[in-house]
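All remarks here apply to the structure that follows.
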Number of protein chains: 2
Amino acid sequence: MPADLSRKATGESPDSEHGVSGGLRSDAQRNRDRIIRAAHETFTERGTAVPISAIARRAGVGAATLYRRFPTRASLVAAVFDDQLTECAAAFDEALADPDPWRGFCSFVETVCAAQVADRGFTNAFLAQHEETDDGRRQWDRAEPDLARLVQRAKEAGRLRGDFDPSDVLVLLLANNGLAAQPPHIAEPASRRLVAYFLQSVEADRTAPLPPTAPLDLDEIRRSFAGLQ
Amino acid sequence: MPADLSRKATGESPDSEHGVSGGLRSDAQRNRDRIIRAAHETFTERGTAVPISAIARRAGVGAATLYRRFPTRASLVAAVFDDQLTECAAAFDEALADPDPWRGFCSFVETVCAAQVADRGFTNAFLAQHEETDDGRRQWDRAEPDLARLVQRAKEAGRLRGDFDPSDVLVLLLANNGLAAQPPHIAEPASRRLVAYFLQSVEADRTAPLPPTAPLDLDEIRRSFAGLQ
DNA sequence: TGAGAAGTGGACGACTGTTTCCACATGCGA
DNA sequence: TCGCATGTGGAAACAGTCGTCCACTTCTCA
């Protein structure tokens, strides 16, 4: 998940023969921005299941305009959380660049979980990005070895327990997503506490064995991600 | 949460002047059972947001019949998960009765989390029970000190870390609920793994301090519980 | 067995949200 | 300024769920 996720799958038309800058007429571009801002506010407040028409009303445009720009809910969600996604990708890169593998691992987990809680629907965006488009699929294929490397580095540094599996990170993300559904004044401290417990229990000097569960198949979880909220 | 939760808030009429056994005519009782069975199957498969009419169809009754017996979705959910709730309450009693406080604590956490995962919608039932009715509120008022006692006992036995807060149990339940939304072949192992990590990190010999988050207010979380899925 | 209370389900109206259509407006390049 | 491709939003068709009404059926008790 390198830091180059960018405006894809947003329903943007390829380009016009008319030479309009950015492929969109200036007023259309203005409307697009207003839609994204309104959608971001609404998603954050009420989750991504909110009616499209509510977003259109808030943006001061007709529903048809919104549908023309973003044919599916997923495409809107993806566009809205593009920034967060980029930020999240950056966190991945930073984590791998950190000279202290354990610190890198921890800060990655903390950053992603915090993003998940700060923006309801972030997870859906994350997933829509990874599930729907070929492009997204490719991103996942790059992210998976990165995740494995992050885990491996921390293990080799002797700070992450040997029986930790990369899929455990996704387990935490799913669990944390359960907290993200709560109002922020609950979700934020709860998430910090969950993450703290989690990180402490995956440190290397904890010797008690985990239950005899074969680690989950990463790809299986990825597929199951779709259709969360 | 003692083990005497029973068929309350199910929309059952008080009793008839006609002297029908159980307050319900035999055919009506039969239909009620079929509704509950159908609802249980449907909830488990598709969550509690499923349309009422789908349940009625599956039960082979009209929607009106279902509405007469269970005026609100919550009342149906509560009736459906009555068994699990009882089981869960029993787990509480058992935990407190266990001569080994730590083992009692662990088995309580494991049992409730397993129930949560085994039946999608169990959590909603749990909450509907505690939020909607006066009766439910009273149950919570009894459960809260029980929970505190369970935690206190484990601490005093020297097995549970001193900075553990009873609300942390609810944090885990919320998080685990995020896993419960997944299909069973994901949710079950993921939950076992999450719970195992959690229990290991709350054992007493872990000395690293938690982040400076004031423990959450239990009652606050309880209120926020309502309206989960 | 028959009177009547209790129970039933098909059908319907209200409501909410999605998606398309189309007459009209607007920005752009010439 | 003009022509027109691009863009717009109101309106309406469509889809799904909720919850109620009521004519009809079934059960219970005397």
Side-chain angles (χ1 to χ4, degrees), chain A residues 10-39 42-43 45-77 79 121 128 227 229, chain B residues 10-39 42-43 46-77 79 121 124 128 227 229:
Chain A
T10 54
E12 210 170 81
S13 49
D15 48 12
S16 88
E17 279 115 55
H18 222 76
V20 180
S21 81
L24 224 47
R25 228 169 64 178
S26 65
D27 57 338
Q29 182 64 48
R30 202 160 43 241
N31 275 339
R32 187 181 185 279
D33 293 344
R34 290 167 65 190
I35 289 170
I36 289 194
R37 203 174 326 122
T42 315
F43 284 161
E45 288 169 14
R46 303 167 55 188
T48 53
V50 76
I52 293 290
S53 54
I55 297 170
R57 208 176 318 120
R58 186 165 192 159
V61 305
T65 302
L66 206 160
Y67 273 105
R68 193 174 319 102
R69 213 52 70 208
F70 304 101
T72 67
R73 184 181 298 274
S75 65
L76 176 57
V77 169
Q229 181 176 35
Chain B
T10 53
E12 210 169 82
S13 49
D15 45 13
S16 88
E17 280 114 53
H18 223 74
V20 180
S21 83
L24 226 47
R25 227 168 64 176
S26 63
D27 56 338
Q29 182 63 50
R30 203 160 42 240
N31 274 340
R32 188 181 183 279
D33 293 344
R34 290 167 64 190
I35 289 170
I36 290 193
R37 202 173 328 122
T42 314
F43 285 160
R46 303 166 55 188
T48 54
V50 76
I52 293 290
S53 56
I55 298 170
R57 208 177 317 119
R58 187 164 192 161
V61 304
T65 302
L66 206 160
Y67 274 107
R68 192 176 321 103
R69 213 52 70 206
F70 305 101
T72 67
R73 184 181 298 274
S75 64
L76 176 58
V77 169
N124 287 8
Q229 180 175 40

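Chain naming here is simple, since letters A, B, ... match the order of the sequence lines and numbering starts at 1 in each.
Taking atom CZ of R30(B) as the reference point, atom C1' of dT25(D) lies 14 Å away to the nearest angstrom. Per the geometry, CD1 belonging to I52(B) stands 17 Å off P belonging to dG10(C), to the nearest Å. In this structure, CZ of R46(B) is placed 12 Å from C1' of dG16(D), rounded to the nearest angstrom. Atom-to-atom, CG of L66(A) to P of dC21(C) comes out at 18 Å; the value is rounded to the nearest Å. A straight line from CD1 of I55(A) to P of dT19(C) spans 12 Å, rounded to a whole angstrom. Between the CZ atom of R58(A) and the C1' atom of dG17(C) there is a distance of 18 Å, rounded to whole Å. Distance R57(B) CZ to dC18(D) P: 11 Å, rounded to the nearest Å.
Residue-level contact check: R73(B) touches the backbone only, with heavy atoms under 4.0 Å from sugar-phosphate atoms and none from bases.
In terms of heavy-atom proximity, R34(B) sits nearest to A59(B) at NH2-O, 3.0 Å. Of all heavy-atom pairs between A79(B) and R32(B), the closest is CB-NH2, 4.5 Å. Here the closest heavy-atom approach between residue A28(A) and residue R69(A) is recorded as CB-NH2, 3.7 Å.
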(request) Apply side chain to side chain contact (heavy atoms under 4.5 Å, CB included) to the pair I55(B) and F43(B), showing each step before the final yes or no. (result) CA-CA 9 Å; I55(B) 298 170; F43(B) 285 160; 3.7 Å; yes
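Note that the CG atom of L66(A) and the CD1 atom of I36(A) stand 9.5 Å from one another [nearest 0.5 Å].
When the options R57(B), R58(B), R37(B) are evaluated for a side chain to side chain contact (heavy atoms under 4.5 Å, CB included) with T42(B), the one that passes is R58(B).
OP1 or OP2 of dT28(D) lies within a sub-4.0 Å distance of a side-chain N or O belonging to S26(B).
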Dump every N/O contact between nucleotides 8-14 of chain D and the protein below 3.5 Å, one line per pair.
from	atom 1	to	atom 2	distance (Å)
dT8(D)	OP1	N31(A)	ND2	2.3
dT8(D)	OP2	R68(A)	NH1	3.3
dT8(D)	OP2	R69(A)	NH2	3.1
dG9(D)	OP2	G62(A)	N	3.1
dG9(D)	OP2	T65(A)	OG1	2.7

